[in-house]
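Below is one structure, written out as structure tokens; comments come after it.
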There are 2 protein chains.
Amino acid sequence: MNDEYELLLLENQVCFPTYAVANKILRRYQPLLKKINLTYTQYITMMVLWEKEEVNEKDLVKALYLKANTLTNMLRKLEQKGYIEIGRDENDKRNIIISLTDEGRYLKEKAINVPKALADEHWLTDEEFKTYKSLLYKLLKGDW
Amino acid sequence: MNDEYELLLLENQVCFPTYAVANKILRRYQPLLKKINLTYTQYITMMVLWEKEEVNEKDLVKALYLKANTLTNMLRKLEQKGYIEIGRDENDKRNIIISLTDEGRYLKEKAINVPKALADEHWLTDEEFKTYKSLLYKLLKGDW
DNA sequence: ACAAATTATGTCGCGCGCGATATAATATAC
DNA sequence: GTATATTATATCGCGCGCGACATAATTTGT
């Protein structure tokens, strides 16, 4: 009779543990990121740039699975810190082009310590970790 | 030689897909929650109360894996909306006791439509979903 | 009994992350 | 060629979520 209310138990939600784990991971990262003067969102942005050297904002939005208006102010902060340069595409002035400065490139040397510091903490086994990531990417790429 | 830099690729991070999926799930929930006039954090709080009728703030913090200062203002909003009452434990006046009002109890009838609406969207198979949740809870309960 | 430690909550300031809306540049239609 | 649609980004306002710090109630040590 009240079976349908079981859907409303925290333990039966996908949203709840996903969100809680995301927060927990952020809390773990933040003290490490503070040492290299980056916030989490700035960190993942820099990761894209360390890999690609240059991106336009539109592609960055896709790569990070965020919305453009979330990036605007964060990119300005990264520019203020001197890690990136923000310019416009001369061929299509609507497009923002973000590129790495020397200082930004150099930051990579320090940033490598973040994943290194966490690599020793075995939150999951290698096998579980692989499964976990593949399920996350299935969710992320799913059309819903 | 540059192998250690592979640690800095987005695809090799746990934080990145977890956080991105959490955001994506929130975006999916928000329009549904808007219909019952709750934010996500208010929703998970109400879920605890629908199950337990009454909690103190300390236990709520543990149940939701959040920090107390995150809850303070959100609880006031729920109180303003008339769904909960906020009182103090007479035996230990440091403790806040949160209880469900009739209006809050009644909201459950409408809230059931949120998980119902999503139940048809098969983001993962049942088996995958089970695995996914168990890995999340392992992460959530892990000591790191 | 009472000073010091502990516990539960509150205040403040910051950085998101978003939907809604606005604006400017380019593309399309006719 | 010019009105209209589309695209890329920006602005605004809100609700978190947190660390750092402050405060009030209770407990502990002696």
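- Following rounding to the nearest Å, B:L78 (CG) and D:dG15 (P) show an atom-to-atom distance of 12 Å.
- The side chain of B:A68 sits closest to C:dT9 out of C:dT9, D:dA10, D:dG15.
- The nearest whole Å value for the distance from the CG atom in B:D89 to the P atom in C:dT7 is 17 Å.
- The distance from atom NZ of B:K93 to atom P of D:dT27 is 13 Å, rounded to the nearest whole Å.
- Within 4.0 Å (heavy atoms only), A:N23 reaches sugar-phosphate atoms of the nucleic acid but no base atom.
- For D:dA10, one of the phosphate oxygens OP1 or OP2 lies less than 4.0 angstrom from a side-chain nitrogen or oxygen of A:T72.
- With rounding to whole Å, B:D59 atom CG is found 14 Å from C:dT9 atom C1'.
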Could you give me the CA-CA distance, side-chain angles and deciding distance for A:L64 and A:L71, then say whether side chain to side chain contact (heavy atoms under 4.5 Å, CB included) is met?
-> CA-CA 10 Å; A:L64 302 181; A:L71 297 187; 4.1 Å; yes
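- Note on ring orientation: taking the six-membered ring where Trp is involved, the planes of B:Y43 and B:W50 are perpendicular (angle over 60°, cut-offs 30° and 60°).
- One can place CG of A:L33 at 14 Å from C1' of D:dG19, the figure rounded to the nearest angstrom.
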Full working for side chain to side chain contact (heavy atoms under 4.5 Å, CB included) between B:L60 and B:L75 = CA-CA 11 Å; B:L60 190 60; B:L75 290 172; 4.0 Å; yes
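- In this structure, A:K34 and A:R76 both approach DNA chain D, and ranking their closest nucleotides by distance from the 5' end singles out A:R76.
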Verify side chain to side chain contact (heavy atoms under 4.5 Å, CB included) between A:Y132 and A:E128, making sure each step is shown before the conclusion.
-> CA-CA 6 Å; A:Y132 176 64; A:E128 285 171 336; 5.9 Å; no
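- Candidate nucleotides C:dA25, D:dT11, D:dC16 were compared by shortest atom distance to the side chain of A:N69, and D:dT11 ranks first.
- Comparing D:dA8, C:dG19, C:dG15 by their nearest atom to the side chain of A:K58 picks out D:dA8.
- The side chain of B:R94 lies closest to C:dA8, out of D:dG15, C:dA8, D:dT9.
- Nucleic acid contact class of A:N95 (heavy atoms, under 4.0 Å, all strands): sugar-phosphate only.
- Applying the 4.0 Å criterion to OP1 and OP2 of D:dC16, one finds that B:T70 has every side-chain N and O outside that range.
- The separation between B:E57 atom CD and C:dT11 atom P is 11 Å, rounded to whole Å.
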Would you sort out whether A:W144 and A:L139 count as a side chain to side chain contact (heavy atoms under 4.5 Å, CB included), showing the intermediate values?
-> CA-CA 9 Å; A:W144 46 273; A:L139 285 166; 4.2 Å; yes
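- Candidate nucleotides D:dC16, C:dG15, C:dT9 were compared by shortest atom distance to the side chain of B:K77, and D:dC16 ranks first.
- Summarising the geometry, the separation between CD on B:Q30 and C1' on C:dA20 is reported as 13 Å, rounded to the nearest angstrom.
- Remark: the B:N73 side chain and the D:dG15 base include no donor-acceptor N/O pair separated by less than 3.5 Å.
- Atom C1' of nucleotide D:dC14 and atom CD of B:Q42 are separated by 12 Å, given to the nearest angstrom.
- Using a 4.0 Å cut-off, no side-chain N or O of B:T39 falls inside it from OP1 or OP2 of D:dC14.
- There is no path of hydrophobic side-chain contacts, each under 4.5 Å, that joins A:L78 to A:Y106.
- The residue among A:I96 and B:N91 whose nearest nucleotide of DNA chain D is located toward the 5' end is A:I96.
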